Amino acid sequence: MPELRTFAVCRQISTLSTINLNKTINSFIANGNLKEARKLFDQSPHLRNVVSWNSIIAGYFRYSCIQQAEYLFDEMPHRDVVSWNTMLSGYRNANNPEKVYNCFLHMNRYGGRPNELTFAVAISSFLHKDFKHLVPQLHGLVLSLGISLNVFVGSALMRVYIDLNDYKGLARVFDEILVKDVTPWNVLILGYMKFGCTSEAQRAFDMMPMRNTFTWSTLINGYIENNKLNEARSLFDKMSEKDVVSWTAMIRGYVQYGNFMEALKLFKVMLSSGARPNHFTFSTVLDACAGNSAVLVGNQVHACILKSGFPLDVVLLTSLVDMYAKCGDIDIAFCIFESIPERNLVAWNSIIGGYARHGLPERAMQEFERMVKSGIRPDEITFINLVYACGHGGLVEEGERIFNSMVTDYSLKAEMEHYACMVDLYGKAGQLEKAERLIEGMPFKPDVVVWGALLGACGLHSCLELGEIAANGIYTLENDHPAVYSVLSKIYGDKGVCSDITGLEKLMKNWRARKQKAGSWI
DNA sequence: ATAGGGTTAG
């Protein structure tokens with residue numbers, strides 16, 4: 001039967017060539033040469049198989065040519081699970097959970113049976129999205145389809161349960177994973193820390209069979225989140241192989257607690273230890289410089305960034321803008337801001353905030369208008385900055401106009417901070433009655449900042465009656481706020497009231513007594 | 001050819 005043998009040989013040859021074809025396509029894609037890959041693909045209709053199709057589709061996704069990927073997927077004569085998974089993964093990486101969802105539904109209806117990978121991709125793409133609420137159903141589907149809960153599916157599920165604040169779900173999935181590697185353990189620690197269970201996290205850390213750098217930095221970061229900086233630091237010191245992430249996390253910890261000097265010190269230690277900072281580290285350190293008004297160190301860090309050759313992305317440039325603005329050099333801040341190619345909301349807020357802090361409301365407003373014109377929608381923080389700017393410039397009517405515009409033109413809700421800025425604005429301008437009326441009309445109970453703004457204004461204008469109300473307001477929230485005492489004594493002195501036993505004085509006496517009590521406790 | 005954890009800006 002010569003024909004049959006010939007056929008078999010031909011088949012073999014063509015299979016071999018298909019393998020070669022796919023290898024060549026993949027190497028083109030790896031080198032970023034999508035056009036060549038596609039050309040080869042188009043020229044070999046008789047050799048290509050489903051793997052060739054999948055490769056090209058994955059390649060399109062890798063270089064963000066989503067439409068081309070979709071087009072090719074629609075043209076496919078035959079799709080396998082990998083084809084579907086590639087689409088899901090592409091949509092996931094494009095941060096498009098909606099398309100993941102539709103594709104997943106489509107697959108279950110018309111395509112093949114999903115596998116572990118399908119679920120790992122789908123579940124992880126719903127993390128931190130509204131779609132996360134569908135994940136418990138996906139979990140059920142995994143179980144009912146008899147798909148094994150491997151480490152990938154399991155870890156992704158655990159992440160989402162943390163996101164859903166579902167402690168039980170987290171623990172259940174961890175138990176359901178039959179063969180665990182280090183990742184589910186790490187996620188368990190992450191979850192415990194998110195739920196504030198530091199001792200459980202520590203226990204998991206102690207009993208887990210293996211650890212990696214992820215484990216250590218998850219624990220360190222968890223302690224920082226849970227106000228246990230000392231524990232974080234002693235763990236960090238115990239770490240034998242510190243990597244960029246753990247260094248950055250620890251530095252960030254100090255910044256978070258306002259200990260900027262220690263943050264900068266640690267950064268120096270990091271550099272001398274030979275560890276290489278990345279853009280995460282640089283943003284964090286710039287934040288420390290900004291908090292410390294350390295423009296000289298900030299300059300050095302700036303130079304260090306330029307020398308390091310790291311690409312200056314929006315985040316890093318915004319950190320620089322913020323650092324220079326907070327260190328008093330608003331002109332350099334503006335120059336850097338202007339150099340940002342694609343300014344986003346945070347970048348705009350940062351420069352507007354800079355002008356606000358420098359008491360230049362006109363400049364702040366100019367940038368705001370430029371921002372709106374460029375198509376960026378302002379958010380709550382934009383308006384905090386703008387009202388704050390007006391407060392520093394004494395522009396009462398302008399501040400009112402902006403405050404109202406926020407609600408009517410941009411349908412944003414006025415939050416506590418906006419009210420605090422408005423109270424400050426009225427207070428600085430001496431319009432204390434307006435400030436008082438605003439507080440009364442607030443849809444929520446004033447916090448320390450609002451009362452503080454009022455109290456500060458009362459101190460400025462020596463208004464005893466209102467100052468008393470403000471002090472009382474603070475007192476009910478925080479009975480050992482040092483500012484209360486100093487501002488009240490100032491008003492008191494200004495008023496020349498010395499011997500009258502007023503409610504105010506009682507309050508102060510009371511407050512001092514309480515404070516001493518608290519002191520003797522230690 | 002497709003998969004899971006830790007660090008960044010207002």
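Numbers restart at 1 for each chain; the letters A, B, ... are given by sequence-line order, proteins then strands. The structure displayed is predicted, hence computed values, not measured ones.
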Task: Which nucleotide in dA3(B), dA1(B), dT7(B) has an atom nearest any side-chain atom of Thr248(A) - done: dT7(B)
- [ ] Would you kindly give the CE-to-P distance between Met193(A) and dG5(B), to the nearest whole Å?
- [x] 19 Å
- [ ] Report yes or no: is there a donor-acceptor pair, N or O only, under 3.5 Å between the side chain of Thr218(A) and the base of dG6(B)?
- [x] no
- [ ] Return the nearest nucleotide to the side chain of Ser124(A); candidates are dG4(B), dT7(B), dA9(B).
- [x] dG4(B)
TODO: Look at the side chain of Ser89(A) and decide which nucleotide, out of dT2(B), dA1(B), dA9(B), has an atom nearest to it.
DONE: dT2(B)
Task: Rounded interatomic separation in angstrom, taking CG from Asn85(A) and C1' from dG4(B) - done: 14 Å
Open item on the list: Once you apply a heavy-atom cut-off of 4.0 Å, does Asp243(A) come out as touching a base, just sugar-phosphate, or nothing?
Closed with: base
Open item on the list: Any side-chain N or O of Arg159(A) below 4.0 angstrom from OP1/OP2 of dG6(B)?
Closed with: yes
Task: Where the chi angle of dG5(B) falls, syn if within 90° of 0 and anti if not - done: syn
TODO: Report yes if at least one side-chain N or O of Arg79(A) is closer than 4.0 Å to OP1 or OP2 of dA1(B); otherwise report no.
DONE: no
TODO: Output the single nucleotide from dA9(B), dG4(B), dT2(B) whose closest atom is nearest the side chain of Pro184(A).
DONE: dG4(B)
TODO: Look at the side chain of Asn26(A) and decide which nucleotide, out of dA1(B), dA9(B), dG6(B), has an atom nearest to it.
DONE: dA1(B)
Open item on the list: Mind checking if Val121(A) touches a base, just sugar-phosphate, or nothing, with heavy atoms under 4.0 Å?
Closed with: sugar-phosphate
Open item on the list: Using every non-hydrogen atom in the two residues, find where Met270(A) and Ile251(A) come nearest and quote the distance to one decimal.
Closed with: SD-CD1, 4.2 Å
Task: Between dT2(B) (P) and Trp53(A) (CH2): distance, integer Å - done: 18 Å
Open item on the list: Could you check whether the side chain of Asp313(A) and the base of dA9(B) have a donor-acceptor pair of N or O atoms closer than 3.5 Å, going by distance alone?
Closed with: no
TODO: Rounded off to whole Å, could you give me the CZ-to-C1' distance for the Arg48(A) and dA1(B) pair?
DONE: 16 Å
Open item on the list: Pairing donors with acceptors under 3.5 angstrom, does anything connect the side chains of Thr183(A) and Asn186(A)?
Closed with: no
- [ ] Name the nucleic acid region contacted by Ile57(A), choosing base, sugar-phosphate or nothing; use a 4.0 angstrom heavy-atom cut-off, strictly under.
- [x] nothing
Task: Integer-rounded Å distance: dG6(B) P and Tyr223(A) OH - done: 19 Å
Task: Value in whole Å for how far the P atom of dT2(B) lies from CH2 of Trp84(A) - done: 18 Å
TODO: Measure from the side chain of Thr183(A), starting at C-beta and using heavy atoms only, and say which of dG6(B), dG4(B), dT2(B) lies closest.
DONE: dG4(B)
TODO: Using a 4.0 Å heavy-atom cut-off across all strands, classify Arg211(A) as base, sugar-phosphate, or nothing.
DONE: nothing
TODO: Could you tell me whether the phosphate oxygens of dT7(B), OP1 or OP2, come under 4.0 Å of any side-chain nitrogen or oxygen in Asn221(A)?
DONE: yes
TODO: Name the closest nucleotide to the Thr213(A) side chain, picking from dT2(B), dG4(B), dG6(B).
DONE: dG6(B)
Task: Flag for Asp243(A)-Ser246(A): side-chain donor and acceptor within less than 3.5 Å - done: yes
TODO: Return yes if a side-chain donor-acceptor contact under 3.5 Å exists between Asn95(A) and Lys129(A), otherwise no.
DONE: yes
Open item on the list: Classify the ring geometry of Phe236(A) against Trp247(A): parallel below 30°, tilted from 30° to 60°, perpendicular beyond 60°.
Closed with: perpendicular
TODO: Determine, for Tyr410(A) and Arg377(A), whether the Lys NZ or Arg CZ falls below 6.0 Å from the six-membered ring centre while staying within 45 degrees of the axis.
DONE: no
Task: Side chain of Val182(A) (C-beta onward), nearest among dG4(B), dG5(B), dA3(B) - done: dG5(B)
Task: Centroid distance under 5.5 Å and plane angle under 30°, Phe152(A) vs dA3(B) - done: yes
Task: Value in whole Å for how far the P atom of dT7(B) lies from CZ of Phe267(A) - done: 19 Å
Task: Closest to side chain of Phe214(A), choosing from dG5(B), dA1(B), dT8(B) - done: dG5(B)
- [ ] Mind checking Asn385(A) for me? I need base, sugar-phosphate or nothing, with any heavy atom below 4.0 Å counting as a touch.
- [x] nothing
TODO: Quickly work out the Met107(A) CE to dT2(B) P distance and round it to whole Å.
DONE: 15 Å
Task: Asn115(A) versus Thr118(A), side-chain donor and acceptor atoms under 3.5 Å - done: yes
Open item on the list: So Thr318(A), base contact, sugar-phosphate only, or nothing? Heavy-atom distance under 4.0 Å.
Closed with: base
TODO: Compare side-chain N and O positions of Arg276(A) against OP1 and OP2 of dT7(B) and report whether any pair is under 4.0 Å apart.
DONE: no
Task: Closest to side chain of Asn186(A), choosing from dA3(B), dT8(B), dG5(B) - done: dG5(B)
